[in-house]
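The chain is numbered in sequence order, starting from 1.
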Amino acid sequence: MASLPEAVHCGWITKRGARRKSWKRRWFVLDKKAILSYYVTESARIQKGKLDLCQMLRMGEVKKKTPASPGGTIRFEIVMPTRTYLFVADSVEAHNWMEAIR
C-alpha cells in the first residue's frame, strides 16, 4: 500500500454530493502539495475524491442557506474549474479549514 502524503490539516467535514445532492460526512486530508483528498473513514484507505487546490478559482463562506443542508453553522464553497464544492461545518472548524486552504 502506498504511503499517505504528510497532512497539513485533516478532519471531518460534511460535503454535498455532485449528482444526488445529498450531504455526506467525509474525512478530509489537506497535504503539502495543496491536494485536498476525502475519504469515507478516518483510516483514509479508500479515497472517494480529491481536489487540486492549485486549480481553485475561489473559496468563501456561503451566506444563503442551501436547500436541505444539515445543521452546521457555517457553509463554505470551493469553486473549481469543473465544479463548485459545498461544505458545512461548525464555525470554528469551518474557519480552520478555510485558513488552512488559503
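- Taking NZ of Lys15 as the start and CZ of Phe28 as the end, the distance is 6.0 Å to the nearest 0.5 Å.
- Residues Tyr38 and Val29 fail the side-chain proximity criterion, which asks for heavy atoms closer than 4.5 Å.
- The salt bridge (Lys or Arg N to Asp or Glu O under 4.0 Å) test applied to Glu42 returns no partner, not counting sequence neighbours.
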Residues 80-88, side-chain donor-acceptor partners within the protein, below 3.5 Å, at least two apart:
unit_1, atom_1, unit_2, atom_2, d
Arg83, NH2, Arg16, O, 3.0

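- Contact annotation: the side chain of Ile46 never approaches that of Tyr39 to less than 4.5 Å [non-hydrogen atoms, C-beta and beyond].
- Within a 6.0 Å radius of CG in Leu57, more than 12 heavy atoms belonging to other residues, nucleotides or ligands are found.
- The side-chain hydrogen bond (donor to acceptor under 3.5 Å, both in side chains) check on Glu77 picks up nothing, with sequence neighbours excluded.
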Taking distance alone, no hydrogens or angles, what donor-acceptor pairs closer than 3.5 Å link side-chain atoms of residues 94-102 to residues at least two apart or in another chain?
unit_1, atom_1, unit_2, atom_2, d
His95, ND1, Ser91, O, 2.7
Asn96, ND2, Val92, O, 3.4
Trp97, NE1, Glu93, OE2, 2.9

(request) Any chance you could lay out the side-chain contact (heavy atoms from CB on, under 4.5 Å) test for Asp31 and Leu36, step after step, and finish with the verdict? (result) CA-CA 7 Å; Asp31 70 23; Leu36 182 63; over 6 Å; no
(request) Could you walk me through whether Lys24 and Thr14 pass side-chain contact (heavy atoms from CB on, under 4.5 Å), step by step? (result) CA-CA 5 Å; Lys24 301 284 184 180; Thr14 302; over 6 Å; no
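- Within the structure, side chain to side chain donor-acceptor pair (under 3.5 Å) contacts touching residues 47-56 (residues at least two apart or in different chains) are Ser37-Gln47.
- Among residues two or more places apart in sequence or in another chain, the side-chain hydrogen bond (donor to acceptor under 3.5 Å, both in side chains) test is passed with Thr41 by Ser43.
- In the hydrophobic clustering of ILVMFWY residues, with side-chain heavy atoms under 4.5 Å counting as a link, Val79 and Phe76 come out apart.
- Hydrophobic clustering of Ile, Leu, Val, Met, Phe, Trp and Tyr side chains at less than 4.5 Å, counting indirect connections, keeps Leu30 apart from Ile35.
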